[in-house]
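Shown next, in structure tokens, is the structure this report addresses.
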Amino acid sequence: MGQPESRRSGRTQLPPGQRLQRGWPVTHYGPVPKFRPDRWEFRVFGATVDGEKHCWSHEEFSALPYDTVLADLHCVTKFSMLGVEWGGVTTRTIMELAPPAPETTHVMIWAEYGFSSNVRLSDFAVDSALFATHRGGEPLTAEHGFPVRLIVPHLYAWKGPKWVRGVEYMTADRRGFWEERGYHNIGDPWREQRFSYQEEPGEGPEF
């Protein structure tokens, strides 16, 4: 990857209900997938501006522009890591290479084993969001999402899945894996949007 450009997300304090975590716990659902570089690809599909699917092999994805951000990680299990250095490919880079159609409102992040998480396009497109391949200058471990995990610092961490394989542009919202199982559709830690019963009108899909 190319030379990094550092970015910093805005807040550095703990959201309500969170505690400071010094280490990095391993939290995920299901087994750790085995990485097979010859079979791996990153896809962008759905409501693309040209109507086409865009794909990168692992070698091609690794050659995309590399950026770093200093950003927090807030887990819904109530631990937070502050000021972490993440390195990888920004979501804006992906959107420039594979632009969404004008009517796109949301994205679905797809990961291994069919895991998914829905995010508003406005949240996905912030400067500090990126597809992380490194933490603190070192490649991610398999348990923490190698080769790629999404970081969206201003949302709870379940909105940034590990082992990401693609992005689906959507013209209407629909719930992802955890959202279908009772987690909040938006997931803003500053508003403690943990569970779906907390949703207000307009915060979830209409259907």
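Position 1 is the first residue of the sequence; numbering continues from there. Every heavy atom of this structure was used, including side-chain atoms; hydrogens, water molecules and symmetry mates were not.
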Does Arg174 pair with Glu180 as a salt bridge, N-O distance under 4.0 Å?
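No, this pair does not count.
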Within this structure, what is the OG1-CZ distance for the pair Thr133 and Arg149, rounded to the nearest 0.5 Å?
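Result: 12.0 Å between the selected atoms.
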Euclidean distance, Trp178 CH2 relative to Ser116 OG, rounded to 0.5 Å:
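Result: 11.5 Å between the selected atoms.
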Is it true that the NZ or CZ of Arg181 lies under 6.0 Å from the centre of Phe177's six-membered ring and within 45 degrees of the ring axis?
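Satisfied, under 6.0 Å and within 45°.
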Heavy-atom side-chain contact between Phe42 and Val89 under 4.5 Å:
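A side-chain contact under 4.5 Å is absent here.
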Please examine the side chains of Ser80 and Asp72, heavy atoms only from C-beta on, and report whether any two atoms are closer than 4.5 Å.
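No, every pair of side-chain atoms sits at 4.5 Å or beyond.
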Is the distance from the ring center of Phe45 to that of Tyr169 below 6.0 Å?
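They do not qualify: ring centres at least 6.0 Å apart.
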Would a line drawn from the ring center of Tyr156 to the ring center of His184 be shorter than 6.0 Å?
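No - the distance between ring centres of Tyr156 and His184 does not fall below the 6.0 Å cut-off.
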Please find the pair of heavy atoms, one from Glu199 and one from Gly204, that lie closest to each other, and give the distance.
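It is OE1-CA, 3.9 Å.
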Test log, rule ring pair (Phe, Tyr, Trp, His ring centres under 6.0 Å), inputs Phe61 and Trp40:
CA-CA 10 Å; Phe61 189 88; Trp40 191 92; 5.8 Å; yes
Short question: side chain of Thr171, backbone of Glu103 - any donor-acceptor pair under 3.5 Å?
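No; zero donor-acceptor contacts below 3.5 Å.
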Have a look at Phe124 and tell me which of Ile109, Leu155, Asn118 forms a side chain to side chain contact (heavy atoms under 4.5 Å, CB included) with it.
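Of the listed options, the one satisfying the test is Ile109.
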